[in-house]
Amino acid sequence: MSEERKATLTVDGKSVDFPVMKGTHGNDVIDIRTLGGKTGYFTYDSGFLSTASCQSHITFIDGDKGELLYRGYPIEQLAEKCNFLDVAYLLRNGELPNAAQKADFEKTIRRHTLVHDQLTRFYNGFRRDAHPMAVIVGVAGALSAFYHQGMNYSLVEHRDVCFQRIIAKIPTIISLAYRYTTGLPFMYARNDLDYAANFMYMMFGVPCEEYKVNPVLSRALDIIFILHADHEQNASTSTVRLAGSSGANPFACVAAGISCLWGPAHGGANEACLRMLEEIGDVSRVGEYINRSKDKNDSFKLMGFGHRVYKNFDPRAKLMGKVCADVLAELGLENDRLFKLAQKLEKIALEDDYFIEKKLYPNVDFYSGIVQKALGIPTSMFTCIFALARTAGWLAQWEEMITDPEYKIGRPRQLYVGAARRNVPDISKR
Ligand code: SDX
(Lines give C-alpha, C1' and ligand atoms only; values in the text may rest on other atoms or scores of the structure.)
Protein backbone atom coordinates (compact mmCIF):
# COMPACT_ATOMS: atom_id res chain seq x y z
CA MET A 1 0.00 0.00 0.00
CA SER A 2 1.76 3.24 -1.08
CA GLU A 3 2.20 5.76 1.74
CA GLU A 4 -0.59 8.32 1.74
CA ARG A 5 0.74 11.60 0.35
CA LYS A 6 0.00 14.72 2.35
CA ALA A 7 0.06 18.47 1.87
CA THR A 8 0.91 20.52 4.94
CA LEU A 9 -0.56 23.95 5.59
CA THR A 10 1.04 26.09 8.26
CA VAL A 11 -1.16 28.95 9.45
CA ASP A 12 -1.15 30.93 12.70
CA GLY A 13 1.92 28.92 13.74
CA LYS A 14 0.04 25.63 13.42
CA SER A 15 0.75 22.95 10.77
CA VAL A 16 -2.09 20.82 9.51
CA ASP A 17 -1.83 17.93 7.02
CA PHE A 18 -4.34 17.28 4.27
CA PRO A 19 -4.48 14.13 2.12
CA VAL A 20 -3.40 14.36 -1.54
CA MET A 21 -5.65 12.46 -3.95
CA LYS A 22 -4.34 11.15 -7.28
CA GLY A 23 -6.48 10.62 -10.39
CA THR A 24 -5.96 8.53 -13.50
CA HIS A 25 -4.75 11.56 -15.47
CA GLY A 26 -4.30 15.23 -14.71
CA ASN A 27 -3.63 17.28 -11.60
CA ASP A 28 -3.52 15.63 -8.18
CA VAL A 29 -5.80 17.34 -5.66
CA ILE A 30 -5.51 18.31 -2.02
CA ASP A 31 -8.54 17.14 -0.06
CA ILE A 32 -9.43 20.23 1.95
CA ARG A 33 -12.89 19.15 3.10
CA THR A 34 -11.73 19.31 6.74
CA LEU A 35 -9.89 22.66 6.35
CA GLY A 36 -12.63 24.77 7.97
CA GLY A 37 -13.00 22.45 10.94
CA LYS A 38 -9.24 22.05 11.49
CA THR A 39 -8.09 25.64 10.89
CA GLY A 40 -11.14 27.94 10.87
CA TYR A 41 -10.11 29.03 7.36
CA PHE A 42 -11.92 28.64 4.04
CA THR A 43 -10.20 28.66 0.64
CA TYR A 44 -10.97 31.44 -1.84
CA ASP A 45 -11.19 30.50 -5.52
CA SER A 46 -13.62 32.77 -7.36
CA GLY A 47 -14.31 31.20 -10.77
CA PHE A 48 -12.96 27.87 -9.53
CA LEU A 49 -9.59 28.25 -11.25
CA SER A 50 -7.94 25.65 -8.99
CA THR A 51 -10.86 23.78 -7.48
CA ALA A 52 -12.04 20.24 -8.20
CA SER A 53 -15.76 20.12 -7.42
CA CYS A 54 -16.08 16.34 -7.66
CA GLN A 55 -14.46 13.08 -8.65
CA SER A 56 -15.60 11.99 -12.11
CA HIS A 57 -15.03 9.00 -14.39
CA ILE A 58 -16.63 10.59 -17.44
CA THR A 59 -14.46 13.12 -19.29
CA PHE A 60 -10.87 14.26 -19.08
CA ILE A 61 -9.24 17.28 -20.73
CA ASP A 62 -5.50 17.76 -20.95
CA GLY A 63 -5.35 21.50 -21.60
CA ASP A 64 -1.61 21.53 -22.28
CA LYS A 65 -1.70 18.67 -24.77
CA GLY A 66 -5.03 19.73 -26.27
CA GLU A 67 -6.51 16.32 -25.54
CA LEU A 68 -10.15 15.40 -24.81
CA LEU A 69 -11.18 11.91 -23.65
CA TYR A 70 -14.73 10.61 -23.15
CA ARG A 71 -14.46 7.61 -20.79
CA GLY A 72 -10.81 7.31 -21.86
CA TYR A 73 -11.44 7.39 -25.62
CA PRO A 74 -9.87 10.29 -27.61
CA ILE A 75 -12.47 12.56 -29.20
CA GLU A 76 -10.78 12.17 -32.60
CA GLN A 77 -11.40 8.40 -32.60
CA LEU A 78 -14.97 8.74 -31.35
CA ALA A 79 -15.75 11.34 -34.04
CA GLU A 80 -14.36 8.99 -36.69
CA LYS A 81 -15.74 5.63 -35.52
CA CYS A 82 -18.96 6.36 -33.62
CA ASN A 83 -22.25 8.18 -33.90
CA PHE A 84 -23.74 10.49 -31.31
CA LEU A 85 -25.98 7.87 -29.73
CA ASP A 86 -22.94 5.58 -29.27
CA VAL A 87 -21.30 8.50 -27.43
CA ALA A 88 -24.39 9.29 -25.34
CA TYR A 89 -24.50 5.60 -24.34
CA LEU A 90 -20.74 5.66 -23.58
CA LEU A 91 -20.92 8.81 -21.44
CA ARG A 92 -23.68 7.34 -19.31
CA ASN A 93 -22.63 3.70 -19.10
CA GLY A 94 -18.86 3.95 -19.23
CA GLU A 95 -18.47 1.59 -22.20
CA LEU A 96 -19.39 1.76 -25.88
CA PRO A 97 -22.43 -0.35 -26.81
CA ASN A 98 -21.87 -3.67 -28.55
CA ALA A 99 -23.90 -4.36 -31.70
CA ALA A 100 -26.95 -5.68 -29.80
CA GLN A 101 -26.86 -2.87 -27.22
CA LYS A 102 -26.45 -0.29 -29.98
CA ALA A 103 -29.42 -1.63 -31.94
CA ASP A 104 -31.58 -1.78 -28.82
CA PHE A 105 -30.61 1.72 -27.66
CA GLU A 106 -31.20 3.28 -31.07
CA LYS A 107 -34.58 1.54 -31.36
CA THR A 108 -35.57 2.77 -27.89
CA ILE A 109 -34.58 6.36 -28.69
CA ARG A 110 -36.52 6.23 -31.96
CA ARG A 111 -39.62 5.25 -29.99
CA HIS A 112 -39.45 8.10 -27.49
CA THR A 113 -39.16 11.11 -29.81
CA LEU A 114 -42.78 12.27 -29.46
CA VAL A 115 -43.65 14.76 -26.74
CA HIS A 116 -47.00 14.88 -24.92
CA ASP A 117 -49.32 16.74 -27.28
CA GLN A 118 -50.21 19.28 -24.60
CA LEU A 119 -46.55 20.22 -24.37
CA THR A 120 -46.68 21.47 -27.95
CA ARG A 121 -49.21 24.09 -26.81
CA PHE A 122 -46.53 25.75 -24.66
CA TYR A 123 -44.97 27.14 -27.84
CA ASN A 124 -48.07 29.23 -28.55
CA GLY A 125 -47.40 31.14 -25.35
CA PHE A 126 -44.21 32.60 -26.80
CA ARG A 127 -43.79 35.50 -29.21
CA ARG A 128 -42.85 34.25 -32.66
CA ASP A 129 -39.63 36.26 -32.44
CA ALA A 130 -38.59 34.86 -29.05
CA HIS A 131 -34.99 33.65 -28.91
CA PRO A 132 -35.17 29.85 -29.25
CA MET A 133 -33.03 29.41 -26.14
CA ALA A 134 -35.73 31.22 -24.14
CA VAL A 135 -38.27 28.78 -25.58
CA ILE A 136 -36.32 25.60 -24.90
CA VAL A 137 -35.44 26.65 -21.36
CA GLY A 138 -39.14 26.85 -20.68
CA VAL A 139 -40.23 23.75 -22.53
CA ALA A 140 -37.40 21.56 -21.20
CA GLY A 141 -38.30 22.57 -17.66
CA ALA A 142 -41.96 21.87 -18.42
CA LEU A 143 -41.07 18.25 -19.15
CA SER A 144 -41.13 17.91 -15.34
CA ALA A 145 -44.87 18.52 -15.49
CA PHE A 146 -45.38 15.56 -17.80
CA TYR A 147 -42.73 12.94 -17.09
CA HIS A 148 -41.56 13.40 -13.50
CA GLN A 149 -44.56 12.10 -11.56
CA GLY A 150 -43.92 8.80 -9.85
CA MET A 151 -40.24 8.73 -10.74
CA ASN A 152 -37.84 7.44 -8.11
CA TYR A 153 -34.35 8.29 -9.30
CA SER A 154 -32.75 5.94 -6.82
CA LEU A 155 -33.99 3.15 -9.12
CA VAL A 156 -31.81 2.59 -12.17
CA GLU A 157 -34.86 1.54 -14.18
CA HIS A 158 -36.43 4.96 -13.62
CA ARG A 159 -33.13 6.68 -14.49
CA ASP A 160 -33.01 4.59 -17.68
CA VAL A 161 -36.46 5.81 -18.75
CA CYS A 162 -35.62 9.39 -17.88
CA PHE A 163 -32.34 9.29 -19.85
CA GLN A 164 -34.05 7.75 -22.88
CA ARG A 165 -36.93 10.24 -22.79
CA ILE A 166 -34.73 13.32 -22.57
CA ILE A 167 -32.16 12.19 -25.16
CA ALA A 168 -35.01 11.28 -27.53
CA LYS A 169 -37.16 14.36 -26.94
CA ILE A 170 -34.63 17.18 -26.80
CA PRO A 171 -34.22 17.21 -30.64
CA THR A 172 -38.01 17.33 -30.98
CA ILE A 173 -38.30 20.20 -28.49
CA ILE A 174 -35.54 22.17 -30.20
CA SER A 175 -36.81 21.61 -33.73
CA LEU A 176 -40.32 22.67 -32.63
CA ALA A 177 -38.84 25.91 -31.27
CA TYR A 178 -37.39 26.60 -34.70
CA ARG A 179 -40.58 25.66 -36.54
CA TYR A 180 -42.62 27.90 -34.25
CA THR A 181 -40.45 30.94 -34.98
CA THR A 182 -40.81 30.36 -38.73
CA GLY A 183 -44.55 29.67 -38.69
CA LEU A 184 -43.92 26.30 -40.32
CA PRO A 185 -46.09 23.38 -39.19
CA PHE A 186 -44.54 21.12 -36.56
CA MET A 187 -42.84 18.03 -37.95
CA TYR A 188 -42.59 14.80 -36.01
CA ALA A 189 -39.68 12.37 -36.17
CA ARG A 190 -39.69 9.44 -38.59
CA ASN A 191 -38.73 6.03 -37.25
CA ASP A 192 -36.79 5.19 -40.39
CA LEU A 193 -34.20 7.93 -39.85
CA ASP A 194 -31.21 8.01 -37.56
CA TYR A 195 -30.79 10.60 -34.81
CA ALA A 196 -29.06 13.42 -36.71
CA ALA A 197 -31.03 12.82 -39.90
CA ASN A 198 -34.27 12.93 -37.90
CA PHE A 199 -33.28 16.26 -36.39
CA MET A 200 -32.63 17.69 -39.85
CA TYR A 201 -35.95 16.27 -41.04
CA MET A 202 -37.84 17.86 -38.12
CA MET A 203 -36.03 21.15 -38.73
CA PHE A 204 -36.17 21.42 -42.51
CA GLY A 205 -38.74 18.92 -43.79
CA VAL A 206 -42.20 20.02 -44.97
CA PRO A 207 -45.34 17.87 -44.97
CA CYS A 208 -45.96 18.59 -48.65
CA GLU A 209 -43.04 16.65 -50.04
CA GLU A 210 -40.52 13.96 -49.21
CA TYR A 211 -37.40 15.23 -47.42
CA LYS A 212 -34.18 13.80 -48.83
CA VAL A 213 -31.46 13.55 -46.19
CA ASN A 214 -27.97 14.38 -47.45
CA PRO A 215 -25.82 11.74 -45.68
CA VAL A 216 -22.72 13.96 -45.76
CA LEU A 217 -24.58 16.78 -44.05
CA SER A 218 -26.37 14.62 -41.47
CA ARG A 219 -23.08 12.90 -40.60
CA ALA A 220 -21.48 16.32 -40.18
CA LEU A 221 -24.25 17.26 -37.76
CA ASP A 222 -23.81 13.96 -35.95
CA ILE A 223 -20.10 14.76 -35.46
CA ILE A 224 -20.98 18.25 -34.24
CA PHE A 225 -23.20 16.58 -31.61
CA ILE A 226 -20.32 14.28 -30.60
CA LEU A 227 -17.89 17.20 -30.24
CA HIS A 228 -20.28 19.05 -27.92
CA ALA A 229 -21.48 16.10 -25.82
CA ASP A 230 -19.46 16.61 -22.63
CA HIS A 231 -16.55 18.63 -21.28
CA GLU A 232 -15.72 17.97 -17.61
CA GLN A 233 -17.13 20.45 -15.07
CA ASN A 234 -17.79 23.41 -17.40
CA ALA A 235 -20.19 26.10 -16.22
CA SER A 236 -23.41 24.49 -17.47
CA THR A 237 -22.45 21.01 -16.26
CA SER A 238 -21.55 22.43 -12.86
CA THR A 239 -24.96 24.13 -12.88
CA VAL A 240 -26.68 20.83 -13.58
CA ARG A 241 -24.72 19.13 -10.79
CA LEU A 242 -25.46 21.90 -8.30
CA ALA A 243 -29.17 21.91 -9.16
CA GLY A 244 -29.27 18.11 -8.95
CA SER A 245 -27.46 18.08 -5.61
CA SER A 246 -30.59 19.52 -3.99
CA GLY A 247 -32.62 16.60 -5.38
CA ALA A 248 -34.16 18.64 -8.20
CA ASN A 249 -35.45 16.36 -10.94
CA PRO A 250 -33.31 15.84 -14.07
CA PHE A 251 -35.74 17.71 -16.34
CA ALA A 252 -35.38 20.82 -14.15
CA CYS A 253 -31.60 20.29 -14.01
CA VAL A 254 -31.36 20.16 -17.81
CA ALA A 255 -33.36 23.41 -17.96
CA ALA A 256 -30.84 24.95 -15.53
CA GLY A 257 -27.99 23.74 -17.73
CA ILE A 258 -29.61 25.25 -20.82
CA SER A 259 -29.94 28.57 -19.00
CA CYS A 260 -26.27 28.65 -18.10
CA LEU A 261 -25.11 27.49 -21.52
CA TRP A 262 -26.90 30.47 -23.14
CA GLY A 263 -24.26 32.93 -21.94
CA PRO A 264 -21.89 34.33 -24.65
CA ALA A 265 -18.86 33.35 -22.57
CA HIS A 266 -20.02 29.72 -22.75
CA GLY A 267 -22.34 28.06 -25.22
CA GLY A 268 -23.55 31.36 -26.67
CA ALA A 269 -20.08 31.95 -28.15
CA ASN A 270 -20.86 30.18 -31.44
CA GLU A 271 -23.70 32.59 -32.15
CA ALA A 272 -21.55 35.51 -30.94
CA CYS A 273 -18.61 34.33 -33.09
CA LEU A 274 -20.64 34.30 -36.30
CA ARG A 275 -22.07 37.71 -35.55
CA MET A 276 -18.51 38.92 -34.86
CA LEU A 277 -17.29 37.57 -38.22
CA GLU A 278 -20.21 39.27 -39.99
CA GLU A 279 -19.39 42.52 -38.17
CA ILE A 280 -15.69 42.29 -39.11
CA GLY A 281 -16.84 41.66 -42.66
CA ASP A 282 -13.49 41.79 -44.37
CA VAL A 283 -9.97 40.58 -43.67
CA SER A 284 -8.78 44.20 -43.88
CA ARG A 285 -10.60 44.83 -40.57
CA VAL A 286 -9.22 41.80 -38.71
CA GLY A 287 -6.32 43.81 -37.21
CA GLU A 288 -8.75 46.39 -35.80
CA TYR A 289 -10.72 43.70 -33.96
CA ILE A 290 -7.65 41.87 -32.71
CA ASN A 291 -6.38 45.15 -31.28
CA ARG A 292 -9.76 45.76 -29.66
CA SER A 293 -9.65 42.29 -28.07
CA LYS A 294 -6.29 43.21 -26.51
CA ASP A 295 -7.47 46.58 -25.21
CA LYS A 296 -8.22 46.31 -21.49
CA ASN A 297 -10.54 49.29 -21.80
CA ASP A 298 -12.60 47.47 -24.39
CA SER A 299 -14.84 44.64 -23.25
CA PHE A 300 -14.66 43.07 -26.71
CA LYS A 301 -13.24 39.55 -26.74
CA LEU A 302 -12.45 37.50 -29.84
CA MET A 303 -15.39 35.11 -29.80
CA GLY A 304 -14.43 31.50 -30.35
CA PHE A 305 -10.96 32.09 -28.92
CA GLY A 306 -9.54 31.19 -25.52
CA HIS A 307 -10.47 28.62 -22.95
CA ARG A 308 -10.17 28.12 -19.21
CA VAL A 309 -8.59 24.71 -19.62
CA TYR A 310 -7.11 24.48 -23.13
CA LYS A 311 -3.79 26.29 -23.28
CA ASN A 312 -3.14 24.56 -26.57
CA PHE A 313 -5.49 23.84 -29.48
CA ASP A 314 -9.01 22.73 -28.50
CA PRO A 315 -9.06 19.38 -30.33
CA ARG A 316 -12.71 19.98 -31.11
CA ALA A 317 -11.80 23.15 -33.01
CA LYS A 318 -9.51 21.19 -35.31
CA LEU A 319 -12.20 18.57 -35.94
CA MET A 320 -14.83 21.27 -36.39
CA GLY A 321 -12.62 23.01 -38.94
CA LYS A 322 -12.48 19.76 -40.94
CA VAL A 323 -16.23 19.18 -40.67
CA CYS A 324 -16.70 22.75 -41.83
CA ALA A 325 -14.48 22.22 -44.88
CA ASP A 326 -16.28 18.96 -45.75
CA VAL A 327 -19.73 20.55 -45.52
CA LEU A 328 -18.72 23.60 -47.55
CA ALA A 329 -17.17 21.34 -50.19
CA GLU A 330 -20.33 19.19 -50.33
CA LEU A 331 -22.38 22.35 -50.83
CA GLY A 332 -19.96 23.93 -53.31
CA LEU A 333 -19.24 26.74 -50.82
CA GLU A 334 -15.47 26.23 -50.59
CA ASN A 335 -15.04 29.95 -51.07
CA ASP A 336 -17.53 30.87 -48.37
CA ARG A 337 -16.67 34.41 -47.39
CA LEU A 338 -17.01 33.92 -43.64
CA PHE A 339 -15.00 30.68 -43.72
CA LYS A 340 -12.17 32.38 -45.55
CA LEU A 341 -12.36 35.30 -43.13
CA ALA A 342 -12.31 32.93 -40.13
CA GLN A 343 -9.25 31.13 -41.50
CA LYS A 344 -7.44 34.44 -41.98
CA LEU A 345 -8.49 35.63 -38.51
CA GLU A 346 -7.25 32.38 -36.97
CA LYS A 347 -3.89 32.66 -38.77
CA ILE A 348 -3.35 36.31 -37.78
CA ALA A 349 -4.40 35.75 -34.15
CA LEU A 350 -2.18 32.70 -33.75
CA GLU A 351 0.81 34.75 -34.93
CA ASP A 352 0.03 37.63 -32.58
CA ASP A 353 2.31 37.93 -29.52
CA TYR A 354 -0.65 38.68 -27.20
CA PHE A 355 -2.49 35.51 -28.21
CA ILE A 356 0.70 33.50 -28.06
CA GLU A 357 1.58 34.83 -24.59
CA LYS A 358 -1.96 34.30 -23.25
CA LYS A 359 -2.14 30.87 -24.96
CA LEU A 360 -5.37 31.78 -26.72
CA TYR A 361 -6.38 29.27 -29.38
CA PRO A 362 -9.59 28.68 -31.30
CA ASN A 363 -12.12 26.75 -29.25
CA VAL A 364 -15.05 24.56 -30.26
CA ASP A 365 -17.18 27.61 -31.05
CA PHE A 366 -14.88 29.18 -33.60
CA TYR A 367 -15.93 27.20 -36.68
CA SER A 368 -19.18 25.72 -35.44
CA GLY A 369 -21.21 28.78 -36.41
CA ILE A 370 -19.95 28.72 -40.00
CA VAL A 371 -20.71 25.05 -40.50
CA GLN A 372 -24.13 25.34 -38.87
CA LYS A 373 -24.98 28.32 -41.07
CA ALA A 374 -23.97 26.27 -44.12
CA LEU A 375 -26.24 23.46 -42.88
CA GLY A 376 -29.12 25.94 -42.93
CA ILE A 377 -29.34 26.35 -39.16
CA PRO A 378 -30.14 29.98 -38.28
CA THR A 379 -27.65 31.79 -36.03
CA SER A 380 -30.15 32.06 -33.19
CA MET A 381 -30.34 28.25 -33.10
CA PHE A 382 -26.59 27.60 -32.73
CA THR A 383 -26.62 27.39 -28.94
CA CYS A 384 -29.71 25.17 -29.09
CA ILE A 385 -27.63 22.71 -31.09
CA PHE A 386 -24.95 22.90 -28.42
CA ALA A 387 -27.63 22.26 -25.74
CA LEU A 388 -29.03 19.30 -27.69
CA ALA A 389 -25.64 17.59 -27.66
CA ARG A 390 -24.58 18.61 -24.15
CA THR A 391 -27.78 17.14 -22.72
CA ALA A 392 -26.08 13.74 -23.02
CA GLY A 393 -23.16 14.94 -20.89
CA TRP A 394 -25.39 16.75 -18.41
CA LEU A 395 -27.45 13.61 -17.81
CA ALA A 396 -24.38 11.40 -17.42
CA GLN A 397 -22.85 13.87 -14.95
CA TRP A 398 -26.15 14.27 -13.07
CA GLU A 399 -26.47 10.49 -12.68
CA GLU A 400 -22.83 10.14 -11.61
CA MET A 401 -23.47 12.77 -8.95
CA ILE A 402 -26.70 11.32 -7.52
CA THR A 403 -25.26 7.79 -7.42
CA ASP A 404 -22.04 8.94 -5.71
CA PRO A 405 -22.21 7.71 -2.09
CA GLU A 406 -20.22 10.80 -1.04
CA TYR A 407 -22.50 13.34 -2.72
CA LYS A 408 -23.92 16.18 -0.64
CA ILE A 409 -25.93 19.24 -1.51
CA GLY A 410 -23.51 21.75 -3.00
CA ARG A 411 -23.23 24.75 -0.69
CA PRO A 412 -20.10 26.94 -1.25
CA ARG A 413 -19.02 29.36 1.50
CA GLN A 414 -17.84 32.98 0.96
CA LEU A 415 -15.55 35.75 2.10
CA TYR A 416 -17.97 38.33 3.54
CA VAL A 417 -16.79 41.87 2.82
CA GLY A 418 -20.06 43.68 3.48
CA ALA A 419 -21.13 46.06 6.28
CA ALA A 420 -20.04 45.17 9.86
CA ARG A 421 -22.85 44.35 12.33
CA ARG A 422 -24.91 47.48 13.08
CA ASN A 423 -28.32 48.45 14.48
CA VAL A 424 -31.28 49.64 12.41
CA PRO A 425 -31.58 53.43 12.89
CA ASP A 426 -34.97 55.11 13.37
CA ILE A 427 -36.38 56.52 10.17
CA SER A 428 -35.57 60.02 11.44
CA LYS A 429 -31.88 59.10 11.54
CA ARG A 430 -31.61 57.41 8.09
C1 SDX B 1 -17.09 27.02 -24.17
O2 SDX B 1 -15.52 25.32 -19.83
C3 SDX B 1 -15.72 24.69 -20.92
O4 SDX B 1 -15.27 23.57 -21.08
C5 SDX B 1 -16.57 25.44 -21.92
C6 SDX B 1 -16.74 24.75 -23.25
C7 SDX B 1 -17.53 23.49 -23.12
O8 SDX B 1 -17.44 22.64 -24.03
O9 SDX B 1 -18.35 23.39 -22.17
O10 SDX B 1 -15.49 24.45 -23.83
C11 SDX B 1 -17.53 25.62 -24.21
O12 SDX B 1 -17.64 27.77 -23.41
C13 SDX B 1 -15.94 27.48 -25.01
C14 SDX B 1 -15.53 28.97 -24.73
C15 SDX B 1 -16.48 29.82 -25.57
N16 SDX B 1 -16.33 31.25 -25.23
C17 SDX B 1 -15.75 32.10 -26.06
O18 SDX B 1 -15.22 31.80 -27.13
C19 SDX B 1 -15.82 33.55 -25.59
C20 SDX B 1 -14.45 34.19 -25.74
N21 SDX B 1 -13.51 33.60 -24.80
C22 SDX B 1 -13.32 34.25 -23.51
O23 SDX B 1 -14.50 34.83 -23.00
C24 SDX B 1 -12.51 33.41 -22.54
O25 SDX B 1 -11.45 32.91 -23.23
C26 SDX B 1 -13.18 32.28 -21.80
C27 SDX B 1 -14.41 32.71 -21.08
C28 SDX B 1 -13.50 31.18 -22.73
C29 SDX B 1 -12.17 31.74 -20.79
O30 SDX B 1 -12.02 32.72 -19.84
P31 SDX B 1 -11.03 32.52 -18.60
O32 SDX B 1 -10.47 31.16 -18.51
O33 SDX B 1 -11.70 33.07 -17.41
O34 SDX B 1 -9.81 33.35 -19.03
P35 SDX B 1 -9.68 34.85 -18.79
O36 SDX B 1 -10.95 35.51 -19.21
O37 SDX B 1 -9.19 35.05 -17.42
O38 SDX B 1 -8.56 35.18 -19.86
C39 SDX B 1 -7.22 35.08 -19.52
C40 SDX B 1 -6.60 36.28 -20.24
C41 SDX B 1 -7.29 37.58 -19.87
O42 SDX B 1 -6.34 38.60 -20.00
P43 SDX B 1 -5.62 39.14 -18.62
O44 SDX B 1 -6.74 39.53 -17.68
O45 SDX B 1 -4.79 37.97 -18.11
O46 SDX B 1 -4.77 40.31 -19.09
O47 SDX B 1 -6.81 36.11 -21.67
C48 SDX B 1 -7.62 37.16 -22.15
C49 SDX B 1 -8.32 37.78 -20.96
O50 SDX B 1 -8.61 39.14 -21.21
N51 SDX B 1 -8.58 36.54 -23.06
C52 SDX B 1 -8.92 37.04 -24.23
C53 SDX B 1 -9.83 36.12 -24.77
N54 SDX B 1 -10.03 35.13 -23.90
C55 SDX B 1 -9.26 35.41 -22.84
N56 SDX B 1 -8.52 38.15 -24.90
C57 SDX B 1 -9.09 38.34 -26.11
N58 SDX B 1 -9.98 37.51 -26.69
C59 SDX B 1 -10.35 36.39 -26.05
N60 SDX B 1 -11.23 35.56 -26.63
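Counting from 1, the numbers follow the sequence of the chain as shown. We count ligands from 1, going down the list as the structure has it; atoms in each ligand are counted the same way. Every heavy atom of this structure was used, including side-chain atoms; hydrogens, water molecules and symmetry mates were not. Bear in mind that the values here come from a model prediction, so they are computed numbers and not experimental data.
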I'd like the name of whichever of [options] reaches closest to [atom] through any heavy atom.
atom: atom 40 (C) of ligand 1; options: M303, K359, K358, H307; result: K358
atom: atom 57 (C) of ligand 1; options: G47, P264, S293; result: S293
atom: atom 31 (P) of ligand 1; options: K301, M276, R308; result: R308

If you define the side chain from C-beta out and look only at heavy atoms, does anything of [X] sit under 4.5 Å from [Y]?
X: H25; Y: E67; answer: no
X: Y147; Y: I166; answer: no
X: D86; Y: P97; answer: yes
X: M381; Y: I174; answer: yes

Could you check whether [Y] and [X] have their ring centres less than 6.0 Å apart?
X: H231; Y: F386; value: no
X: Y367; Y: F339; value: yes
X: Y361; Y: Y310; value: no

Check for me whether [X] has a heavy atom closer than 4.0 Å to any atom of ligand 1.
X: R390; answer: yes
X: E232; answer: no
X: R316; answer: yes
X: F366; answer: no

For ligand 1, which is the ligand I care about here, please tell me if [X] has any N or O atom under 3.5 Å from one of the ligand's N or O atoms.
X: A265; answer: yes
X: H266; answer: yes
X: D365; answer: no
X: L302; answer: yes
X: G304; answer: yes
X: F305; answer: yes
X: D314; answer: no

Under the 3.5 angstrom rule, does the side chain of [X] hit a backbone N or O of [Y] as a donor-acceptor pair?
X: R71; Y: T59; value: no
X: K169; Y: L114; value: yes
X: Q101; Y: N98; value: yes
X: Q233; Y: S53; value: no

Think R292 forms a cation-pi with F300, using NZ or CZ under 6.0 Å from the six-ring centre and within 45 degrees of its axis?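 So R292 does make the cation-pi contact.
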Is the NZ or CZ atom of K38 both under 6.0 Å from the centre of the six-membered ring of F18 and within 45° of that ring's axis?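 Satisfied, under 6.0 Å and within 45°.
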If we count only non-hydrogen protein atoms and require a distance under 4.0 Å, does [atom] qualify as touching the protein?
atom: atom 34 (O) of ligand 1; value: no
atom: atom 21 (N) of ligand 1; value: yes
atom: atom 37 (O) of ligand 1; value: no

Which is it for E400 and S56 under the side chain to side chain donor-acceptor pair (under 3.5 Å) test, yes or no, and what are the steps along the way? CA-CA 7 Å; E400 181 178 68; S56 181; 2.6 Å; yes
Should the proximity of K294 to ligand 1, defined as any heavy atom under 4.0 Å, be assigned to the side chain, the backbone, both, or neither?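 No part of K294 comes within reach of ligand 1.
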Among protein heavy atoms, which lies nearest [atom], and at what distance?
atom: atom 14 (C) of ligand 1; result: N363 ND2, 3.5 Å
atom: atom 2 (O) of ligand 1; result: N234 CB, 3.4 Å
atom: atom 48 (C) of ligand 1; result: Y354 OH, 3.5 Å
atom: atom 4 (O) of ligand 1; result: H231 ND1, 2.6 Å
atom: atom 28 (C) of ligand 1; result: G306 O, 3.7 Å

Between atom CD1 of I30 and atom NZ of K6, what is the distance when rounded to the nearest 0.5 Å?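 With rounding to 0.5 Å, CD1 (I30) is 12.5 Å from NZ (K6).
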Just which atoms of ligand 1 are under 4.0 Å from any heavy atom in [X]?
X: K296; result: 42 (O), 43 (P), 46 (O), 50 (O)
X: A269; result: 15 (C), 16 (N), 17 (C), 18 (O)
X: L360; result: 47 (O), 51 (N), 52 (C), 53 (C), 54 (N), 55 (C), 56 (N)

